[in-house]
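Down below is the structure, laid out as structure tokens.
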Amino acid sequence: MSLQKIFVAGVWREGRGEPLMTTFPADGSINAELRAASIEDVEEAVALADQAWRQPAWRTLLPHQRAAILHRVSDLIAAQQEELAELQTRDNGKPLAETRGLVASAAATARYFAAVCEVQEGEIPPARSQQLITLSRYEPLGVVAAITPWNSPIASEMQKIAPALAAGNAVIVKPAEATPLLALKLAEIFAEAGLPPGLLSVLPGKGSVIGDALVRHPLIKKISFTGGTKTGRALAHIAAEKLIPASLELGGKSPTIVLADADIEQAARGICYGIFSSGGQACIAGSRLFVHRSVWQPLMDRLLSLTRQLRLGHPLMPGNHIGPLISHAQRQQVMDYVALAREEGGEILCGGEIPADPALAAGSWFQPTIITGLDNRARVCQEEIFGPVLVAMPFDDESALIADANHSIFGLAAGIWTRDSGRALQLAEQLEVGTVWINTYKVFAISTPFGGYKQSGLGREKGLQGIKAWMQQKSIYLATTPTINRWSD
Ligand code: NAD
């Protein structure tokens, strides 16, 4: 197998860092071998990016011309939909049906930020003098760092690269150790679409080495990070030291609430999808379930029946719902939490084990698991498990429910199931989270801002203002008649 090259400022070449191997979580087979970026590669990529974004070829490129590149990127992604989806499935084990959606979302993100880029306007605030015109314009930041996790690489990478470039920056991507292939593929696509060299580099490697060197580099002017809260906090410290902005999309422990008047069938289906799609490896996984006691039994019966019907299987085969977890280490973490739930007095209603099917033995599968009998203060209700584990709890009183739903260091998302929209909106207002889904779950629109409350993050991605997170504002005062600046009396 030939070594996969890395992409340094428009040039494909071997990294100068540690050997890195990516494997297919379904069977452990090798996807690619490469040498990661080294610290020298980081320095080179950042220095060349700094030169590239200052070049007239990029600085003076008009928004519609930058947009044209993003449109071509979107078309190229759409043309390679199947190939990219399969690569993403091999990279992290998500079933094809899901990775097709992620590829489509990456194409849509590129197209959306092409449109946003074209319609960006500056401002002409009202002047406070007859002799002045005041202007406010948005300018790029310079070279920016994008650090991404392994659970939805192509989508989370495009969510950073597209607005960063649309805003006129150069961007260095540090993908997760386990999943560098989609970011490298995106580099190929951006180059083919005509992005001038230097404006995009993809530097696979260890977060604590390459990611750390990248964000500390003096020429890096913004950190955009998606990943765990612990890493996010460490990066926020570095950003604070450097006095540069940091956007942080972090972990979650999202509550789903079922009110007494909910449509039980729809709620059970939505809850099942909300926690078990992606094998629960989703920041927004609906991992805490609160069900009104009056509908507890029918809801739980239906949810259990749907969960038992989920097909665990090879992620490239159609019809399978749940692929392997990203790694055996991740599965061990999930198993440790299930053991902890047992110790804390929880009852495992279904799952809780490695599946017995010999066809799944080589991969890191884990059964979808539902636990009851625990209080919201239990550790499995408070810590992010990042696996297919749901803790379900009945509730009687709505104010106690709100207190429990909000009792979390996280505040990423929540779900509400009820036929009463007014009540749902009142509840939504009281939930301390960045996204609330009512009678649905885990649906996204690139036009709608996304981000977390509390320790689930800082800043928002997506939406019209998503591009502004990659820009700085400059105000200009223009004197329309000759003026002499005077000391005020
Ligand atoms: P992680 O924090 O371990 O790693 C994320 C990225 O940061 C990787 O590229 C990693 O190499 C890099 N990194 C690690 N240490 C670093 C350091 N010291 N300096 C610089 N970079 C460093 O997270 P993960 O395990 O890859 O992903 C799972 C986490 O991501 C979960 O907590 C999940 O909730 C979160 N996540 C959040 C969102 C969101 O939008 N809020 C989306 C997806 C995943």
Side-chain angles (χ1 to χ4, degrees), residues 17-18 20 22 36-37 39 42 91-92 94 102 105 109 145-160 172-183 202-217 220 223-239 241-242 246-254 275 277-287 325-327 329-331 333-334 383-387 408-413 433-435 442 444 446 448-462 466:
E18 302 279 305
L20 192 68
T22 87
I39 307 270
V42 172
D91 226 10
N92 73 356
K94 278 191 179 183
L102 293 174
S105 136
T109 301
I147 300 187
T148 52
W150 44 261
N151 61 332
S152 306
I154 191 167
S156 43
E157 276 138 21
M158 187 58 90
Q159 239 160 265
K160 300 186 189 304
I172 316 274
V173 181
K174 207 304 282 172
E177 289 88 327
T179 55
L181 299 183
L182 267 299
V202 176
L203 305 181
K206 258 193 158 164
S208 55
V209 180
I210 298 309
D212 184 73
L214 178 63
V215 295
R216 287 183 193 277
H217 196 292
I220 289 293
I223 302 169
S224 177
F225 170 78
T226 301
T229 293
K230 191 165 160 235
T231 316
R233 190 175 290 114
L235 296 187
H237 276 289
I238 296 170
E241 292 266 322
K242 290 178 67 181
S247 304
L248 307 171
E249 298 283 356
L250 309 177
K253 192 76 194 178
S254 299
I275 177 64
S277 55
S278 309
Q281 301 167 115
C283 53
I284 38 137
S287 49
L325 301 184
I326 183 76
S327 63
Q330 184 71 17
R331 178 170 73 181
Q333 177 177 310
V334 174
E383 295 174 21
E384 187 182 41
I385 298 177
F386 224 58
S408 169
I409 59 165
F410 298 111
L412 197 55
V433 297
T435 296
K442 219 178 172 185
F444 284 114
I446 182 63
T448 306
F450 177 76
Y453 279 27
K454 300 193 275 189
Q455 294 187 29
S456 286
L458 266 186
R460 295 290 177 269
E461 288 190 331
K462 305 188 186 181

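As the structure is a computational prediction, the values presented were derived from the model and not from experiment. Values reported hereafter were calculated over all heavy atoms of this structure, with side chains retained and with hydrogens, waters and symmetry mates removed. Remember, it's 1-based here, ligands and their atoms both numbered in the order they're listed.
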Contacting atoms of ligand 1, where contact means under 4.0 angstrom from a heavy atom of [X]:
X	answer
Leu235	19 (N), 20 (C)
Glu177	10 (C), 11 (O)
Ala176	8 (C), 9 (O)
Gly228	1 (P), 2 (O), 23 (O), 29 (C), 30 (O), 32 (O)
Phe450	40 (O)
Gly211	19 (N), 20 (C), 21 (N)
Asn151	43 (C), 44 (C)

Is it the case that ligand 1 has an N or O less than 3.5 angstrom from some N or O of [X]?
X	value
Thr229	no
Leu250	yes
Lys206	no

Backbone of [Y] reached by a side-chain donor or acceptor of [X] within 3.5 Å:
X	Y	result
Lys253	Ser287	no
Glu384	Gly252	yes
Lys462	Gln159	no
Gln333	Gly387	no
Lys242	Val215	yes
Lys454	Ser408	yes

With a 4.0 Å cut-off, strictly under, does atom 4 (O) of ligand 1 pick up any protein heavy atom? no

Run the numbers on Lys206 and Glu18 for side chain to side chain contact (heavy atoms under 4.5 Å, CB included), then give the verdict. CA-CA 9 Å; Lys206 258 193 158 164; Glu18 302 279 305; over 6 Å; no

Would you mind telling me if ligand 1 is within reach of the side chain of [X], the backbone, both or neither, using heavy atoms under 4.0 Å?
X	result
Thr148	backbone
Thr226	both
Glu384	side chain

Less than 4.5 Å apart, side chain to side chain, heavy atoms only: is that true for Thr22 and Pro180? yes

Asp212 to ligand 1, any heavy atom closer than 4.0 Å: yes

So, does Pro175 sit close enough to ligand 1 that a heavy atom of it is under 4.0 Å from the ligand? yes

Starting from the C-alpha separation in whole Å, work towards a yes-or-no answer on side-chain hydrogen bond (donor to acceptor under 3.5 Å, both in side chains) for Lys160 and Thr148. CA-CA 9 Å; Lys160 300 186 189 304; Thr148 52; over 6 Å; no

Can you tell me which residue and heavy atom of the protein come closest to [atom], and the distance to 0.1 Å?
atom	answer
atom 27 (O) of ligand 1	Pro149 CB, 3.3 Å
atom 36 (N) of ligand 1	Cys283 CB, 3.6 Å
atom 24 (P) of ligand 1	Trp150 NE1, 3.6 Å
atom 7 (O) of ligand 1	Phe225 CE1, 3.1 Å
atom 12 (C) of ligand 1	Ile147 CG2, 3.6 Å
atom 22 (C) of ligand 1	Gly207 CA, 3.4 Å
atom 33 (C) of ligand 1	Phe386 CE1, 3.2 Å
atom 18 (N) of ligand 1	Ser208 CA, 3.9 Å

Which heavy atom of [X] sits nearest a heavy atom of [Y], and at what distance?
X	Y	result
Leu250	Gly232	CD2-CA, 3.8 Å
Gly279	Leu325	O-CD2, 3.6 Å
Ser224	Glu461	OG-OE2, 3.6 Å

Out of Thr231, Ile238, Ile326, indicate the one that has the non-hydrogen atom closest to atom 16 (C) of ligand 1. Thr231

Compare Gly457, Ser327, Gly227, Gly251 and give the one whose heavy atom is closest to atom 35 (C) of ligand 1. Gly227

Count the heavy atoms of every other residue, nucleotide or ligand shown that sit under 6.0 Å from OH of Tyr453, and state whether that count exceeds 12. no

Walk me through whether Gln281 and Asn92 qualify under side chain to side chain contact (heavy atoms under 4.5 Å, CB included). CA-CA 10 Å; Gln281 301 167 115; Asn92 73 356; over 6 Å; no

The test is side chain to side chain contact (heavy atoms under 4.5 Å, CB included); show your working for Ile326 and Thr179 and say whether it passes. CA-CA 10 Å; Ile326 183 76; Thr179 55; 4.2 Å; yes

